[in-house]
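The shown structure was predicted, so the numbers you read here are calculated from the model rather than taken from an experiment. If you read the sequence from its start, that first residue is 1, and numbering goes on from there. Worth knowing before you read on, the calculation uses all heavy atoms, side chains too, and leaves out hydrogens, waters and symmetry mates.
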Amino acid sequence: MTKKTFSKILLFGISTIAITALLIVTVVYSYYDGQTQNKLTAVASIISYELEQSDDYSFINNVIDEDTRITLIDSDGTVLADSSVDFSTLDNHLDREEVQDALTNGIGTSMRKSATLQENTYYYAMVLDDGRILRVSTMAKSVAGVLGGMSPYIIIAVIAVVIIAVFVSIAITKSILKPVEELGEHLDDVENYKTEEELKPFVNAIKEQSKKRRALDKQKKEFTANVSHELKTPLTSIAGYAELIESGMAKEEDIKPFASVIRKQALRLVNLSEDIIKLSELDEGTDRGIDFRSLDIYAIAQNCVNSLSINAKNKNVSITLEGEQCFIRANESLLEELIYNLCDNAIRYNKENGSVRVIITPVDGKVKLSVCDTGIGIDEKYQERIFERFFRVDKSRSKATGGTGLGLAIVKHIAQIHGAELSINSVLGEGTEINIIFDR
C-alpha cells in the first residue's frame, strides 16, 4: 500500500508539473502567435495606406525586412511585387488559401510551408479598394525560436521540481499511512484507541458497516430458515399424495382430489419461488441499474385493477379505482408489482361481499397511493410487523388463500427503492388502509 500511495502521489505531482509546463508553453505560443498576427495586420495597414497614396508600388520590391515578406497580387492572381524574391519568377497566387479567403471575406489568414522559402509561414491577406490583394507574411521560426530559447530553463525547472516532488511524496505518504497502520493494529480495540480526528469518520464507518454486516448475516440466516420451513410443507404434501397414488393405496375416486391438492401445492411453490427470487434480486442490489422515468401511476393502477378483477369476482369482492392522473418518477415494472401486490393482498384477506378501493391523489406536491379494503383487519400489535418476510397474522387463513407471506415485504422494498413513505392504518374486523406517498 505504501508503494502504491507513493506512486500515485508522485505520479500526480509529475502529471501536474507536465500539465503546467504544457500550459505555459501553450500560453507563450498563443501569446507570440497573437503578437505575430498583430504585427502582420499592422504592417498590412501601413503598406495599404501607402498604396492608396500613390499608384507606384515598386517600393515593395525594395523593402528589406528579414522577418516580414510583402507581396502584392493582382485580382487575377498575378504577382505584381514581392519584397523577398524576384516577383517575375513567382507563379500565379490565385489558388493560395489566404488569397481565396481574402477574396471571399475581405481578409484571409493561413499558416503553411512556403513553396518559395521552404519555411513554415504565417500569411495575412487583405483586398484593397482597387481589387488587388496585399499579402504580408512572416516565418514561424520566430515563434519556435522563442520557445527553443526557453526550453533549457523549462527542462531545468521540471527536473528540479520532480526531485522535490519525490521527497515531498515520500513525506506525505508516511504522514498519511502512519495513523492508518496504527489504526489497523488496534482495530479490535478501536473504541479505546485514540485516533486522528480526520480518521474518526472512517472509524465510525467501519463500525457501522460491521453492524450492518452482522444484521444482514442474521437476516439471511432467518430468511434461509424461513424459506426451508415454507418449502417443507408443500413439498411434504406433494410427496405424500404422490406416494399414495404411486403405491396404489389411493382409491380410484381419490386420485382426482389428490391430484388437485398436488397441483395447488405445486402452484404455491411456484408463487413462493417467484417471490423469493424477486426479494433476492432486490437484496443483492440488481435494482440499482433500474430505469426511472415519468410514469402515470393512475394508468398503471388501472391495469392492475383490470388484471385482478376476475380474482376479485371469484372472491365476491368489488375492486374500484378512484382519483386522477398523476405522474411520478418510477420504474414501471416495480411500480406495477407494488400496486398489484397491495391489491392482491386486499382481495385475498377480504370478507364476503367486501370491497377494495384504489385511490390516486396529489398531496402537497407529491402523489399518494391508497389501497383500502373492508377485510379482516390487523391487530394493532401486529401492524409494525406486517411488512416482515413470512410474517402472517393468521397463518391458517394465509395458507388457505395461497399467500406466500412475502407480498408486503416486496411492497416495502420497492417503496424504499423509490424513496416513498409507507404507512398502514387498520382496525381489526373492519378493514385496512395502506398508504404510499411518492415524490413527483
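Residues that satisfy the side chain to side chain donor-acceptor pair (under 3.5 Å) test with Asn345, not counting sequence neighbours, are absent from this structure. Here Ile163 pairs with Ile159, Phe167 under the side-chain contact (heavy atoms from CB on, under 4.5 Å) rule; sequence neighbours left out. Partners of Glu253 under the side chain to side chain donor-acceptor pair (under 3.5 Å) rule, at least two apart in sequence or in another chain, do not exist in this structure. Applying the side-chain contact (heavy atoms from CB on, under 4.5 Å) rule to Leu422 yields the partners Phe387, Lys412, Ile434, Ile436; only residues at least two apart in sequence or on another chain are considered. A search for side-chain contact (heavy atoms from CB on, under 4.5 Å) contacts involving Lys256 returns nothing, not counting sequence neighbours. Here Gln325 pairs with Asp296 under the side chain to side chain donor-acceptor pair (under 3.5 Å) rule; sequence neighbours left out. A search for side chain to side chain donor-acceptor pair (under 3.5 Å) contacts involving Glu430 returns nothing, not counting sequence neighbours. Residues forming a side-chain contact (heavy atoms from CB on, under 4.5 Å) with Ala125 (at least two apart in sequence, or on another chain): Glu98, Ala102, Ile133, Arg135. Residues forming a ring-ring contact (aromatic ring centres under 6.0 Å, His included) with Phe258 (at least two apart in sequence, or on another chain): Tyr241.
Residue pairs satisfying the ring pair (Phe, Tyr, Trp, His ring centres under 6.0 Å) criterion with at least one member in residues 301-324, sequence neighbours excluded, are absent. Within the structure, salt bridge (Lys or Arg N to Asp or Glu O under 4.0 Å) pairs that include any residue of residues 415-429 comprise Lys366-Glu421 (at least two apart or interchain).
In terms of heavy-atom proximity, Val317 sits nearest to Lys351 at CG2-O, 3.8 Å. Looking at every heavy atom in both residues, Ala330 comes nearest to Leu335 through CB-CD2, 4.1 Å. Closest heavy-atom contact between Arg293 and Asp291: CD-OD2, 3.5 Å. Nearest approach of Cys343 to Val358, heavy atoms of both residues: SG-CG2, 3.5 Å. Scanning both residues, Thr68 and Lys39, for their nearest heavy atoms gives OG1-CE, 3.3 Å. Nearest approach of Leu321 to Ile360, heavy atoms of both residues: CD1-CG1, 4.2 Å.
Leu369 places a side-chain heavy atom less than 4.5 Å from the side chain of Leu342. Contact check for Thr109 versus Asp101: no side-chain heavy atoms found under the 4.5 Å cut-off.
Within the 3.5 Å criterion, the main-chain N or O of Glu97 finds no donor-acceptor partner in the side chain of Ser110. Distance alone, capped at 3.5 Å, places no donor-acceptor pair between the Asp379 side chain and the Leu428 backbone.
In summary, the side chains of Asn331 and Ser333 do present a donor paired with an acceptor at a separation below 3.5 Å, with no hydrogens or angles considered. Side chains of Thr432 and Asn425: no donor on one and acceptor on the other come within 3.5 Å.
Between the CD atom in Glu433 and the OG atom in Ser426 there is a gap of 10.0 Å [rounded to 0.5 Å]. Put simply, OG on Ser48 and CG on Leu128 are 6.5 Å apart, with the number rounded to the nearest 0.5 Å. Atom NZ in Lys368 sits 12.5 Å away from atom SG in Cys326 (nearest 0.5 Å). If you take CD1 on Ile437 and CG on Asp364, they are separated by 8.5 Å, rounding to the nearest 0.5 Å.
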* Asked: Would Arg69 and Val136 satisfy side-chain contact (heavy atoms from CB on, under 4.5 Å), going step by step from the backbone distance to the final call?
  -> CA-CA 6 Å; Arg69 177 186 176 189; Val136 292; over 6 Å; no
* To do: Could you check Ile297 against Val367 for side-chain contact (heavy atoms from CB on, under 4.5 Å), going step by step and ending with a plain yes or no?
  => CA-CA 9 Å; Ile297 186 173; Val367 176; 4.0 Å; yes
* Evaluation steps, side-chain contact (heavy atoms from CB on, under 4.5 Å), between Ser137 and Tyr122 -> CA-CA 5 Å; Ser137 59; Tyr122 287 99; 5.9 Å; no
* To do: Apply the test side-chain contact (heavy atoms from CB on, under 4.5 Å) to residues Arg329 and Asp439: give CA-CA distance (whole Å), side-chain angles for both, the deciding distance (0.1 Å), then the verdict.
  => CA-CA 7 Å; Arg329 285 197 61 79; Asp439 290 327; over 6 Å; no
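No more than 12 heavy-atom neighbours from other residues, nucleotides or ligands sit within 6.0 angstrom of CG on Asp129. More than 12 heavy atoms of other shown residues, nucleotides or ligands fall within 6.0 angstrom of atom CD in Glu352. Around atom CD of Gln35, more than 12 heavy atoms belonging to other residues, nucleotides or ligands sit under 6.0 Å away.
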For residues 299-306, run the donor-acceptor check on the side chains, cut-off 3.5 Å, and write out each pair with its distance to 0.1 Å, sequence neighbours left out.
from: Gln302; atom 1: NE2; to: Asn306; atom 2: OD1; distance (Å): 3.1
from: Asn306; atom 1: ND2; to: Gln302; atom 2: O; distance (Å): 3.2

